[in-house]
Amino acid sequence: RRGSTADRWGWLAAAAAIVALLAWNAINVRKAHDRDEQARAAVADLTTHQRELQLQNQRLAAQLSALTSAATQTINLSGQEAAPHASARVFLDAPGRRAFVFFHNLPANAEDKSYQLWVIPAGKAPVSAGVFDSASSGDASIVVSNLPVGSEIAGLAVTLEPRGGVSSPTGSKFLVGGNL
């Protein structure tokens, strides 16, 4: 009888070892599945990021092409009394009805204020070309789309306005340029 009890204990020990191995294997399979899911998610994120970078690259290539075109005009804006060291350079792509504007040394605007760029058509009232904020470095940029057609641009100006902008200039002029 001793042999049969020992055999039973041996079989139980073997069965316990098999159950432990199966459990260990199931845990490792689950971990591998989780790592696979994480890797798939990372690949999806990288694919999305790659598409965004490709679109950004296409936009930058189009902007560079417009900036270097023979048809592109350059207008310099000079700092006024409110910001004498400020400056801006406008690259006016008339055929594309857009402008690329780069600002330098503008004072940082308060949270309740926005800078507003104005296009001043010859003989007409200023038209808002957009609002922007200045970084603490004093640098900012804006791309203006859908510039007015059929009217020559006499100049551009930048004022400091309530956050979000206004329908006509009310604040101090920070920058002015063109044939004003």
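No experiment lies behind these values; they were computed from the predicted model shown.
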*asked:* According to salt bridge (Lys or Arg N to Asp or Glu O under 4.0 Å), who are the partners of R59, at least two apart in sequence or on a separate chain?
replied: none
_Has S114 got a side-chain atom pairing as donor or acceptor with G165's backbone, closer than 3.5 angstrom?_
no
*Would a distance-only check, ignoring hydrogens and angles, find a side-chain to backbone donor-acceptor pair under 3.5 Å from T48 to A44?*
yes
*Does the pair N109 and F174 meet the rule for a side chain to side chain contact (heavy atoms under 4.5 Å, CB included), with working shown?*
CA-CA 11 Å; N109 52 289; F174 279 69; over 6 Å; no
*By the rule that ILVMFWY residues connect when side-chain heavy atoms come within less than 4.5 angstrom, directly or transitively, which residues belong alongside V29?*
none
*Could you walk me through whether T72 and T68 pass the side chain to side chain contact (heavy atoms under 4.5 Å, CB included) check?*
CA-CA 7 Å; T72 299; T68 58; over 6 Å; no
*Which pairs with one or both residues in residues 157-176 pass salt bridge (charged side-chain N to carboxylate O under 4.0 Å, His left out), sequence neighbours excluded?*
D133-R163
_Test of understanding: clusters of I, L, V, M, F, W, Y form through side-chain heavy atoms closer than 4.5 Å, transitively. Do L156 and L147 belong to the same one?_
yes
*At what distance, to the nearest 0.5 angstrom, does CG of L160 lie from NZ of K113?*
6.0 Å
_Can you classify the ring geometry of F102 versus F91 as parallel (below 30°), tilted (30 to 60°) or perpendicular (above 60°)?_
perpendicular
*Member of D139, L175, L77 meeting the side-chain contact (heavy atoms from CB on, under 4.5 Å) criterion with H104*: D139
*Could you pull out the closest heavy-atom pair between L92 and A99, with the gap in Å?*
CD1-CB, 4.1 Å
*Restricting to pairs with a member in residues 32-54, which pass salt bridge (charged side-chain N to carboxylate O under 4.0 Å, His left out), not counting sequence neighbours?*
R30-D34, D36-R40
*Say you draw a straight line from CG of L106 to OG of S137; how long is it, rounded to the nearest 0.5 Å?*
10.0 Å
*Measure from the side-chain N and O atoms of Q73 to the backbone N and O of A71, and report whether any donor-acceptor pair falls under 3.5 Å.*
no
*Backbone N/O of A61 and side chain of S65: donor-acceptor pair under 3.5 Å*: no
_Test of understanding: with side-chain hydrogen bond (donor to acceptor under 3.5 Å, both in side chains), list the residues that count as partners of N28, not counting sequence neighbours._
none
*Taking all heavy atoms of V166 and all of W118, pick out the closest pair and write down the distance.*
O-CH2, 3.4 Å
_For the student: nearest non-hydrogen atoms of G177 and I75, plus distance_ = C-CG2, 4.2 Å
*Taking all non-hydrogen atoms of both residues into account, name the closest pair between P107 and Y115 and its distance.*
O-OH, 2.5 Å
*R98 side chain reached by V144 side chain, heavy atoms, under 4.5 Å*: no
_Heavy-atom pair of closest approach, residues A108 and S136_ = CB-CA, 4.4 Å
*Evaluate the side chain to side chain contact (heavy atoms under 4.5 Å, CB included) criterion for residues Q54 and N57: first the C-alpha distance (whole Å), next the side-chain angles of each, then the deciding distance (0.1 Å), finally the verdict.*
CA-CA 5 Å; Q54 286 172 335; N57 187 34; 5.5 Å; no
*Residue pair G171 / T159: nearest heavy atoms and the distance that separates them*: O-CG2, 3.7 Å
*Other than W9, which residues form its hydrophobic cluster under the rule that side-chain heavy atoms must be closer than 4.5 Å?*
L12
*Heavy atoms, side chains only, cut-off 4.5 Å: are V127 and P121 in contact?*
yes
*Measure the CZ-OG distance between R89 and S141 for me, rounded to the nearest 0.5 Å.*
14.5 Å
